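Take a look at the structure below.
Since this is a predicted model, take the numbers as computed values, not measurements. Counting starts at 1 for both ligands and their atoms, following the listed order.
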Amino acid sequence: MGLGECLKSQVLCHVLIGYVFLASGLLINLLQLCTLPVWWLNKSLARRINCRLGYCISSQSVAILDWWSGTECTLYTDPKMYPLYGNENGIVVLNHQFEIDFMCGWSFCDRFGVLGSAKVLVKKELAYVPVIGWMWYFLEIVFCKRKWEEDRITVSQSLQKLRDYPENFWFLLFCEGTRFTAKKHQISMEVAEKKGLPKLKHHLLPRTKGFWLTIQNLRGTVAAVYDSTLNFRNNESPSLSGILSGKKYHADLYVRRIPLESIPEGEAECAAWLHKLYQEKDGFQEQYIQTGRYPGPIVSTPRRLGPLINWLCWSALVLFPLGAFLVSLLSSGSTLTILASLAFCYGASLLLRWMIGQTEISRSSGYGNKVNSSS
Ligand SMILES: CC/C=C\C/C=C\C/C=C\C/C=C\C/C=C\C/C=C\CCC(=O)SCCNC(=O)CCNC(=O)[C@H](O)C(C)(C)COP(=O)(O)OP(=O)(O)OC[C@H]1O[C@@H](n2cnc3c(N)ncnc32)[C@H](O)[C@@H]1OP(=O)(O)O
Ligand SMILES: CCCCCCCC/C=C\CCCCCCCC(=O)OC[C@@H](O)COP(=O)(O)O
């Protein structure tokens with residue numbers, strides 16, 4: 001093990017990374033709160049400021065992925081479509097199988113200049129996660145309860161608000177609605193059988209209503225669907241803990257650009273279209289597992305320096321006061337203050353551990369573990 005690898009595996013490094021993320025993130029959340037008056041004066045300006053502030057948070061996770069762990073993200077796509085990526089609004093449809101899929105997604109967003117404005121249809125539970133969940137309020141992220149009767153109204157309203165968004169954005173949809181587990185797969189294939197749909201080997205049966213709603217509300221605003229299929233080399237199951245320990249993974253992403261005009265408008269037709277898309281995605285995953293490659297050429301999208309510089313700047317900003325505080329704490333010699341500080345650190349580490357737990361599939365929700373009542 002080299003010196004760098006040894007350093008990256010040290011718990012102290014993870015504690016410091018966690019501290020930088022939490023301290024800077026909460027500070028940025030506070031700055032986001034301060035932009036509220038700007039919303040009333042100039043909504044477009046407030047949105048642009050929040051994109052930059054959001055970038056300061058999400059690009060830290062990109063820095064940890066791209067620069068700390070050195071994970072490589074390779075893009076397979078049609079080179080003729082490449083110039084459009086980042087220069088138009090897109091709906092990204094991605095498989096939901098890996099604990100760090102959102103980090104890889106963000107890394108690609110950064111490479112195409114849309115990280116600050118990236119959007120997602122996300123479960124409401126994540127809105128309460130400090131830093132990331134709180135940041136999402138100000139970025140107008142669309143929350144859902146995975147209860148169609150409520151979501152059909154609230155999701156529609158949130159999507160309508162994106163129609164005059166001042167920056168190019170990608171809207172991410174995990175149509176499977178939850179992360180892949182063997183049990184959820186088995187149940188969803190029972191649903192597929194009842195519906196007379198072909199079985200999928202590598203995906204859960206997609207939930208079609210959110211997709212239809214998104215297409216319906218963003219038609220005229222979004223130019224294309226980016227059908228994206230992600231996998232990792234060597235059959236690896238990457239984790240955030242692995243990334244923090246400096247483990248290098250290799251992600252491969254296959255993207256097809258599908259013009260929005262080619263997607264049917266009616267609900268039933270749109271649902272059938274999405275089911276067919278997932279059958280194709282399943283074929284791409286099978287090909288990847290058999291050959292180690294996706295169809296189509298590789299297009300070079302190097303990692304960018306922006307996230308590293310941002311991370312180093314925020315680290316400097318919040319680590320210096322921490323150092324000064326520790327020095328004054330030790331020199332004060334007050335047992336009570338030292339104990340209170342230790343208790344605070346313990347609380348912060350529990351919070352961080354809980355946040356990392358949100359990414360773990362073993363702690364995944366029970367959603368999809370049984371057949372939904374509306375079926
Ligand atoms: C060039 C590079 C390109 C790309 C780069 C890649 C990406 C970068 C892009 C952006 C990055 C941005 C941000 C990323 C950051 C963080 C994101 C992290 C994670 C958050 C993700 C989540 O939270 S996923 C969970 C939330 N999202 C969803 O659920 C979306 C999908 N769901 C839906 O659309 C649902 O329809 C719904 C949520 C709108 C409503 O939910 P409900 O449960 O009420 O579902 P339905 O009404 O659809 O369910 C009933 C129908 O489902 C059938 N059914 C019943 N049981 C099952 C079962 N077990 N499995 C499957 N299907 C089932 C049932 O028969 C009903 O069928 P109908 O025919 O009647 O519809
Ligand atoms: C500590 C160092 C900082 C590293 C930077 C990364 C920060 C990560 C911290 C907190 C993460 C909070 C947001 C995580 C969003 C991803 C979780 C996710 O993928 O959600 C799952 C959801 O789709 C479906 O949920 P279920 O499978 O039904 O349950």
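Contacts of K147 with ligand 1, taken as heavy-atom pairs under 4.0 Å, involve the backbone alone. Here Y82 has no heavy atoms under 4.0 Å from ligand 1, in either its backbone or its side chain. If you look at F171 next to ligand 1, there are no close heavy atoms at all, none under 4.0 Å. The part of R146 lying near ligand 2 is the side chain, judged by heavy-atom distances below 4.0 Å. Under 4.0 angstrom from ligand 1, the non-hydrogen atoms of C144 all belong to its side chain. Only the backbone of C175 comes within 4.0 Å of ligand 1, judged by heavy-atom distances. The proximity of V122 to ligand 1, defined as any non-hydrogen pair under 4.0 Å, involves the side chain as well as the backbone.
Taking 4.0 Å as the cut-off, K370 counts as a neighbour of ligand 1 on heavy-atom distance. Not a single heavy atom of F143 lies less than 4.0 angstrom from ligand 1. Within the structure, the closest approach of F102 to ligand 2 falls below 4.0 Å when heavy atoms are considered. Ligand 1 has no atom lying under 4.0 Å from any heavy atom of K194. Within the 4.0 Å heavy-atom cutoff, L204 does not count among the residues contacting ligand 1.
Relative orientation of the F98 and F232 rings is perpendicular, given thresholds of 30° and 60° on the angle between their planes.
Residue W148 has at least one N or O atom closer than 3.5 Å to an N or O atom of ligand 1. Looking at ligand 1, you'll find an N or O of Y367 within less than 3.5 Å of one of its N or O atoms. Distances between N or O atoms of G105 and those of ligand 1 include no value under 3.5 Å. Between K123 and ligand 1, at least one N/O pair is under 3.5 Å apart. Distances between N or O atoms of R146 and those of ligand 1 include at least one value under 3.5 Å. Annotation: K119 places no N or O atom under 3.5 Å from an N or O atom of ligand 1; distance criterion only. When only interatomic distances are considered, the shortest N/O to N/O separation between K195 and ligand 1 falls below 3.5 Å.
Near L121, with a cut-off below 4.0 Å to any heavy atom, the atoms of ligand 1 are 22 (C), 26 (C), 27 (N), 30 (C). Applying the 4.0 Å criterion to heavy atoms of M355 picks out, from ligand 2, the atoms 10 (C), 11 (C). Those atoms of ligand 2 with a heavy atom of S365 less than 4.0 angstrom away are 26 (P), 28 (O), 29 (O). Against a heavy-atom cut-off of under 4.0 Å, I64 is close to the following atoms of ligand 2: 3 (C), 4 (C).
For atom 19 (O) of ligand 2, the nearest protein heavy atom (residue, atom name, distance) is H96 CE1, 3.6 Å. Remark: minimum distance from atom 25 (O) of ligand 2 to any protein heavy atom is reached at K123 NZ, 3.0 Å. Looking from atom 6 (C) of ligand 2 to the surrounding protein, the closest heavy atom is S61 CB, 3.8 Å. Among protein heavy atoms, atom 12 (C) of ligand 2 sits closest to V129 CG1, 3.9 Å. What sits closest to atom 3 (C) of ligand 2 on the protein, heavy atoms only, is F21 CG, 3.6 Å. From the protein, the heavy atom lying nearest to atom 17 (C) of ligand 2 is Q358 O, 3.7 Å. The protein non-hydrogen atom at the shortest distance from atom 15 (C) of ligand 2 is L126 CD1, 3.9 Å.
In this structure, Y254 has its ring center at least 6.0 angstrom away from the ring center of Y288. Aromatic pair F112/W170: centroids less than 6.0 angstrom apart.
Ion pairing of R257 with E88 is present here, as a side-chain N (NZ or NE/NH1/NH2) and a carboxylate O approach within less than 4.0 Å. Ion pairing between E190 and K194 fails under the 4.0 Å rule for side-chain N and carboxylate O.
For the salt bridge (charged side-chain N to carboxylate O under 4.0 Å, His left out) criterion with E140, the lone passing option out of R163, R47, K119, K161 is R47.
Atom CD of E193 sits in a sparse spot, with 12 or fewer heavy atoms from other residues, nucleotides or ligands closer than 6.0 Å.
Across all non-hydrogen atoms, the minimal contact from Y165 to L139 is OH-O, 4.1 Å.
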